[in-house]
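Single-structure report; data block below.
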Amino acid sequence: MKKIAFVLLVLFCGAVTHAQDFQKREITVLPSSDLTIIGDSNIAAFQCEFNNSYLQDSQNISYSQTGNKIEFQGAVLILNNKGFDCGSKGINRDFHDLLESDVHPQILLTLNKVVLSSPQKGMATVGITIAGKEKFYEVPVTIKNAAIAQFKGKLLLNIKDYGLEPPKKLFGMIVVKDVIEIKFDLLVKK
């Protein structure tokens with residue numbers, strides 16, 4: 001019985017120590033950041049730019065670094081679907097129909113961890129929630145660490161992984177392809 005109590009005490013102390021390792025920081029994603037969704041159809045490509053005025057002003061995140069691995073808590077970028085402009089009312093309407101914006105008005109990008117391969121490069125583990133479904137991706141990122149930090153990268157994802165059907169127009173003559181690209185260049189004030 002004493003051994004069990006000792007093991008539980010060690011586990012509890014380890015959990016408390018680990019929780020205390022997380023540092024809190026307030027961050028702001030600056031309006032000069034860029035986030036774009038790029039898609040293609042059998043006729044032409046399209047791109048939807050995110051209007052950064054839809055971002056929240058600042059947020060508190062927690063992080064802990066052990067060696068080359070940085071873990072995050074609360075690092076969620078909330079993208080209001082209304083913030084995307086695809087260039088025309090028709091494409092915007094199709095985009096919102098595709099994302100089921102009336103039921104799921106936001107896309108969530110959750111940063112879980114970054115494993116650094118050098119001070120300027122790393123592999124981020126990101127959860128992306130679209131239409132209420134979350135999928136996890138490994139995303140190569142380029143990092144510039146300064147008073148205004150910069151995080152750049154791109155990710156290809158298949159919209160069918162989220163149970164979404166690409167729109168078809170003109171009785172199926174125009175078909176949007178399943179794979180889209182998300183490009184980001186985020187400037188973050190610490």
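Bear in mind that the values here come from a model prediction, so they are computed numbers and not experimental data.
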For the pair Ser88 (side chain) and Ile91 (backbone), establish whether a donor and an acceptor sit closer than 3.5 Å, ignoring hydrogens and angles. yes
Do Asp40 and Phe46 have side-chain heavy atoms sitting under 4.5 Å apart? no
Determine, stepwise, if the pair Tyr63 / Gln73 fulfils side chain to side chain contact (heavy atoms under 4.5 Å, CB included). CA-CA 6 Å; Tyr63 68 95; Gln73 294 177 346; over 6 Å; no
Does the distance from a Lys or Arg side-chain N to an Asp or Glu carboxylate O, for Asp161 and Lys135, drop under 4.0 Å? no
Between Asn81 and Ser101, do the side chains contain an N or O donor and an N or O acceptor separated by less than 3.5 Å? yes
For the residue pair Ser58 and Glu26, confirm or rule out a side-chain donor-acceptor distance under 3.5 Å. yes
With a 3.5 Å cut-off and no angle check, do the side chains of Glu71 and Ser64 form a donor-acceptor pair? no
Does Lys121 offer a backbone N or O that forms a donor-acceptor pair with the side chain of Ser118 under 3.5 Å? yes
Applying the side-chain contact (heavy atoms from CB on, under 4.5 Å) test to Tyr137, which of Ile128, Ile182, Leu156 qualifies? Ile128
Do we see a donor-acceptor contact under 3.5 Å between the side chains of Asp185 and Gln150? yes
I'd like to know if the side chain of Lys133 and the backbone of Tyr162 have a donor-acceptor N/O pair within less than 3.5 Å. yes
Just by distance, do the side chain of Asn68 and the backbone of Val115 share a donor-acceptor pair under 3.5 Å? no
